[in-house]
Amino acid sequence: MRDDDVTPEGVSPASGEPEADPDATEVRPSEQAAEQTAATDVDPEATVVRPANEEPVAAAADDPEATVVRDPVPPSVDPEATEEPVKPKPRRRGRKIALGVGIGVVVLAGAYVGAAWYLGDRVPQSTTVAGVDISGLPVQDAVEQLETQLAGPTTDPVPIQLGETAASIDPAQAGLTFDALATVGRFTGFTLEPQVVLGHIFGLGAQEPVVEVDDAALTAALETASTDLDKAPVEGVIELADGTATVATEPEDGISVDIPAAAELVAAEWLTGQRPIELPSETTAPEIDDEQIAAAMSNIVDPLLSGPVTVQLNEEQASLEPALLVEAATLSPGASGLELTIDGQLLADHITEAVPSVGETPQDAQIVFDGGVPTVIPAVTGTGLDPDQLALVVGEAAVAEGDARVAVAGLAATEADFTTEEAEALGIVEVVGEYATPYPYDPTRTENLVNGTAHINGTLIKPGEEFSLIEALGPITAANGYVSSGVVENGFATTAMGGGLSQVSTTTFNAAYEAGMEDIEHKPHSRWFQRYPPGREATIYAPSLDMRWGNNTPYGVLVQAWVGTDDNQVHVRLWSTAYWDVDITSSEKYRFTSPRTVYNTSPECKPESGGASGFTIDIRRTLTLDGEVNDEYSDSYSWTYSPWNRVVCGEPPSDDDEEAETTEAESTDEG
């Protein structure tokens, strides 16, 4: 037991303080002194004992080993007090330990906070973003490093894929943006987050980039891309032909982009994921699947082919055999699967021909020339079958059985396709374009001119429609009234079927050009013919080279064409209602070229004397409507003519002869 764990005699248990007696001097026993000496590591023989109430003095200077021992102040003794041992107060060791631990924690916390503050302006060790290493860099350097290294991945098209089909989306258009500063800010600056603070020591690892996503833009971009990625389902098809029905196409599921899931995936992985990004998909089933095919075969096809349908027309009857029903029938997808559609017009034509007493066919209105001016011949209303009503009753009977395979049809008035009112509304009342060109004496060639103008005379071009000369002339064959005459082929004169029809083309072109019609296709001759206005020609060579113009007015246009025997000219007039104000100008001829001598080794060669020079000319046409120039149909062009070379039949005299040349040009009518 330590000597400070007991209460000394003479100490008041209550106060613990000794009561001093000034008249008493206490001298400790020798063994007590020895204990004291031992406790203070001094020589017991050098102990100086002083009265308890004497002030302490320093150890004798002449004895360095002497230890001064102070006697305790004698306690004050209460004579009435009972001498009982005083219990010592317990020591507060737990508080001291807790205090020490607390101080340690504070120290460590301070060190932690200090480290967080000190290291906050740099990226933790072993830190990467989207594969870019930015370990230990200052904030601004890290931001610049990310922006530089990820410039391509953040701006290049993002490849996406659905199955084996690939496409891409533009990050900017898709609303995908990388924020380098915000990314670095997540693990720099002052923060007490343990992962970041300890990351400066142990490394932070791969970190996700901060990206901004415009959901609406991303969805729109994926929807656009899905048009290339989606694979539509294959609808089942039943083909009706030659009196039979076959499953022409087996149904097959399709696949399409799951847009919501794809948007979520692309937003998360467009910068860090593997490329191409495989988009999530969903299966799209065909509307006409195996079940629908089976139902149509059972409920429609089998009854349709089972026998004829009888059409009852008052007192008359007509029988429609399965082969005819199949020809008129179509199976198309509908609300309840494949549905039967009947071509009522086809059946009406068949019945009208088979049963003449059914009624009269309607006749369209016509616009013809009577006395040289356009005249409307009214349409004629017919009496016969109503194709729509016939289709309905035949369709119901075709899928019925037994006595129910009878369709009762009635007769009705049928309107013409082109009515009198429609013909009159076209406004074909005046000449809006007219042109004439002289033709040379050549009876064979003139036959083609007469035949050609007769074929195009009376041609009606409704608003928005197109005139094609080759189509209007019909096949240029002997069976259609044409003969062989002169043409220019590969730069040399020869003969071909329909020679001379370029004069019909040129005359018609000029009439339409002066009327303001849209110039769709025309090409002048390779050599200029003096009977035509220079630059304003239009040769043809079926079927590769045509002359076409479009009706760009709200009125109809009727072509009138003939060959004048009294004035030896080809005439073309266009009748309509005046619409455009037209101004046409031609430049002077320029850039002349001299004729040369050329050699033609063809067995059909025809020598030519030549002599006329070639030249270039510019043509400009301005169309005005109500005082305003129309830029869409106003036009201008230049054309260069070749000279009329002297043609010598046979081989050139020498390969070195400077005049020994050949020419190559497209095949065209002679004009």
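This is a predicted model, so every value here is computed, not measured.
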Side chain proximity check, [X] to [Y], heavy atoms < 4.5 angstrom:
{"X": "Leu324", "Y": "Leu346", "result": "yes"}
{"X": "Trp639", "Y": "Lys523", "result": "yes"}
{"X": "Ile342", "Y": "Leu340", "result": "yes"}
{"X": "Leu426", "Y": "Tyr555", "result": "no"}

Go through the side-chain N and O atoms of [X] and [Y] and say whether any donor and acceptor fall under 3.5 Å apart.
{"X": "Asp618", "Y": "Ser638", "value": "yes"}
{"X": "Gln345", "Y": "Asp349", "value": "yes"}
{"X": "Thr283", "Y": "Asp253", "value": "no"}

**Q.** Qualifying salt bridge (Lys or Arg N to Asp or Glu O under 4.0 Å) pairs, either residue in residues 207-221, two or more places apart
**A.**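 Passing the test, one end in residues 207-221: no pairs.
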Q | Pair listing, salt bridge (Lys or Arg N to Asp or Glu O under 4.0 Å) test, anchored in residues 148-173, at least two apart | A |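 Found none.
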List the residues meeting side chain to side chain donor-acceptor pair (under 3.5 Å) with [X], not counting sequence neighbours, and say none if there are none.
{"X": "Ser319", "answer": "Glu321"}
{"X": "Glu339", "answer": "Ser336"}
{"X": "Asn299", "answer": "none"}
{"X": "Thr553", "answer": "Asn551"}

For residues 287-294, please give each side-chain donor-acceptor pair under 3.5 Å, one per line with the distance, not counting sequence neighbours.
residue, atom, partner, partner atom, Å
Asp289, OD1, Glu291, N, 3.2
Asp289, OD1, Gln292, N, 2.9

Reported [atom1]-to-[atom2] distance for the pair [X] and [Y], which is rounded to 0.5 angstrom:
{"X": "Leu469", "Y": "Thr508", "atom1": "CG", "atom2": "OG1", "answer": "6.0 Å"}
{"X": "Leu331", "Y": "Leu240", "atom1": "CG", "atom2": "CG", "answer": "4.5 Å"}
{"X": "Leu545", "Y": "Ile470", "atom1": "CG", "atom2": "CD1", "answer": "7.0 Å"}
{"X": "Leu390", "Y": "Asp343", "atom1": "CG", "atom2": "CG", "answer": "10.0 Å"}
{"X": "Leu204", "Y": "Ser126", "atom1": "CG", "atom2": "OG", "answer": "9.0 Å"}
{"X": "Thr284", "Y": "Glu282", "atom1": "OG1", "atom2": "CD", "answer": "8.0 Å"}

Donor-acceptor pairs under 3.5 angstrom involving side-chain atoms of residues 399-410: please list them, not counting sequence neighbours.
residue, atom, partner, partner atom, Å
Arg405, NE, Pro308, O, 3.4
Arg405, NH1, Pro303, O, 2.9
Arg405, NH1, Ser306, OG, 3.4
Arg405, NH1, Ala398, O, 2.9
Arg405, NH1, Ala400, O, 2.9
Arg405, NH2, Pro303, O, 3.3
Arg405, NH2, Gly307, O, 2.6

Q: Could you list the residues that satisfy ring pair (Phe, Tyr, Trp, His ring centres under 6.0 Å) with Phe178, not counting sequence neighbours?
A: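 Phe178: no ring pair (Phe, Tyr, Trp, His ring centres under 6.0 Å) contacts found.
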Q.
Going by the rule ring pair (Phe, Tyr, Trp, His ring centres under 6.0 Å), which residues pair with Tyr633 if we only count those two or more places apart in sequence or in a different chain?
A. Trp580
Q: Classify the ring geometry between His522 and Tyr513 as parallel (under 30°), tilted (30 to 60°) or perpendicular (over 60°).
A: tilted
Donor-acceptor contacts, no H, no angles, side chain residues 262-280, under 3.5 Å, sequence neighbours left out:
residue, atom, partner, partner atom, Å
Arg275, NH2, Pro153, O, 3.2
Arg275, NH2, Trp270, O, 2.6
Glu278, OE1, Gln161, NE2, 3.4
Glu278, OE2, Gly163, N, 3.0

Q) For residues 387-397, which residue pairs qualify under side-chain hydrogen bond (donor to acceptor under 3.5 Å, both in side chains), counting only residues two or more places apart or in two chains? A)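 Checked against side-chain hydrogen bond (donor to acceptor under 3.5 Å, both in side chains) - neighbours excluded - no pair reaches residues 387-397.
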